[in-house]
Amino acid sequence: MGSSSEKLFKRERTVHEILGGGIVADVMLWRKKNVSVGIVTVTIGSWMVFETFAYSILTLLSSVLLLFLSILFLWSKSASILNRASPPLPEFQISEAMAEEASKLLRIHVNKLLQVSYDIAMGRDSELFIKVAVSLLLIAFIGSLMDFQTLCHTGVLVVMAVPAFFERYEDCIDGSMVLIYNKAKELYLRFKIWAYPEHNKLS
């Protein structure tokens with residue numbers, strides 16, 4: 001393993017620690033191979049079902065929910081007729097504390113998004129504007145290549161593949177990414193000097 005100065009963003013934590021160090025990280029890094037294989041298999045299988053039978057996510061969710069509710073309804077009715085126990089279901093209820101916590105979390109993220117949008121609109125952060133513009137262009141390009149359903153399936157496969165691949169070839173990837181990052185930073189500085197020459201005169 002290389003030193004932290006040779007790593008991208010000079011990070012000191014391992015990939016497993018960055019991903020949270022829990023069960024999710026173990027699954028993403030294929031340390032629980034049975035679960036990881038199961039997720040990949042279900043993802044590929046469901047994508048094939050969607051493509052073969054022209055199903056949409058909304059159609060599938062509606063069909064599954066209808067089947068689930070029908071089974072529970074018939075189970076409850078037959079249980080009352082035959083004097084058997086009803087389905088062991090908890091009450092579906094969202095507590096006031098959960099609703100308040102969710103609303104607080106939503107408010108924080110929305111305010112952050114609004115602040116970033118305001119800073120970009122007022123021209124306060126050129127670097128942030130470039131990052132957002134590149135990200136939106138990348139999203140638009142990816143969206144033109146596939147629909148949302150395929151994008152979700154592809155996203156799951158990427159999440160299951162990229163972290164494990166990165167952990168295995170971390171040193172090699174870090175060296176290449178640091179080189180690319182330094183080149184991009186150099187190009188950005190040149191662009192900044194070209195776009196804002198008055199700032200450089202003042203400094």
Side-chain angles (χ1 to χ4, degrees), residues 1-4 6-75 85 87-95 98 101-102 105-106 109 131 134-181 184:
M1 298 293 288
S3 63
S4 60
E6 297 171 344
K7 294 179 180 294
L8 188 63
F9 306 123
K10 297 182 179 180
R11 68 183 187 282
E12 296 181 354
R13 296 188 300 169
T14 63
V15 178
H16 189 263
E17 291 172 345
I18 292 172
L19 294 175
I23 297 176
V24 175
D26 290 339
V27 172
M28 292 173 65
L29 296 175
W30 290 74
R31 297 183 182 179
K32 293 183 177 294
K33 290 189 176 181
N34 291 337
V35 179
S36 301
V37 170
I39 291 174
V40 172
T41 303
V42 169
T43 301
I44 296 174
S46 61
W47 179 80
M48 293 177 66
V49 168
F50 284 135
E51 291 297 315
T52 303
F53 298 102
Y55 261 44
S56 65
I57 294 178
L58 185 60
T59 304
L60 180 64
L61 289 177
S62 299
S63 301
V64 171
L65 186 59
L66 176 60
L67 178 63
F68 180 67
L69 290 176
S70 300
I71 292 173
L72 292 177
F73 177 80
L74 294 174
W75 186 354
L89 290 175
E91 287 190 21
F92 299 107
Q93 189 175 9
I94 298 176
S95 66
M98 289 175 61
E101 188 68 26
L105 190 63
L106 179 62
H109 284 82
K131 289 179 180 178
V134 171
S135 300
L136 291 176
L137 286 172
L138 183 60
I139 292 172
F141 175 73
I142 294 174
S144 66
L145 298 177
M146 61 186 74
D147 57 20
F148 181 73
Q149 195 167 277
T150 305
L151 179 62
C152 290
H153 285 89
T154 305
V156 174
L157 295 179
V158 169
V159 166
M160 294 301 299
V162 171
F165 181 83
F166 182 82
E167 185 185 44
R168 185 169 184 177
Y169 301 102
E170 185 174 357
D171 291 338
C172 181
I173 295 174
D174 271 327
S176 302
M177 291 301 294
V178 167
L179 181 62
I180 295 172
Y181 175 76

Distance (rounded to the nearest 0.5 Å) between L69 CG and L74 CG
11.0 Å
Side chain to side chain donor-acceptor pair (under 3.5 Å) partners of residues 138-150, not counting sequence neighbours, each pair once
D147-T150
Please identify each residue that fulfils side-chain contact (heavy atoms from CB on, under 4.5 Å) with Y169, with sequence neighbours left out.
F165, I173
Counterpart residues, side-chain contact (heavy atoms from CB on, under 4.5 Å), relative to L58 (two or more places apart)
S56, S62
Exceeds 12 heavy-atom contacts within 6.0 angstrom, atom CD1 of I23:
no
Across all chains, not counting sequence neighbours, the side-chain hydrogen bond (donor to acceptor under 3.5 Å, both in side chains) partners of T154 are none
Applying side-chain contact (heavy atoms from CB on, under 4.5 Å), can you list everything that pairs with S95, at least two apart in sequence or on another chain?
A97, M98
If you look only at distance, which donor and acceptor atoms sit under 3.5 Å apart when one is on a side chain in residues 25-35 and the other is two or more places apart or in another chain?
| unit_1 | atom_1 | unit_2 | atom_2 | d |
| --- | --- | --- | --- | --- |
| D26 | OD1 | H16 | NE2 | 2.7 |
| W30 | NE1 | M160 | O | 2.7 |
| R31 | NH2 | E167 | OE2 | 2.6 |

Applying ring pair (Phe, Tyr, Trp, His ring centres under 6.0 Å), name anything that partners F73, two or more places apart in sequence or on another chain.
none
Please list every donor-acceptor pair under 3.5 Å in which a side-chain atom of residues 38-50 meets a protein atom from a residue at least two apart or in another chain.
| unit_1 | atom_1 | unit_2 | atom_2 | d |
| --- | --- | --- | --- | --- |
| T41 | OG1 | V37 | O | 2.7 |
| T43 | OG1 | I39 | O | 2.7 |
| S46 | OG | V42 | O | 2.9 |
| S46 | OG | T43 | O | 2.9 |
| S46 | OG | H153 | NE2 | 3.0 |

Sorted by chain and number, sequence neighbours left out, side-chain contact (heavy atoms from CB on, under 4.5 Å) with E17 holds for R13, T14
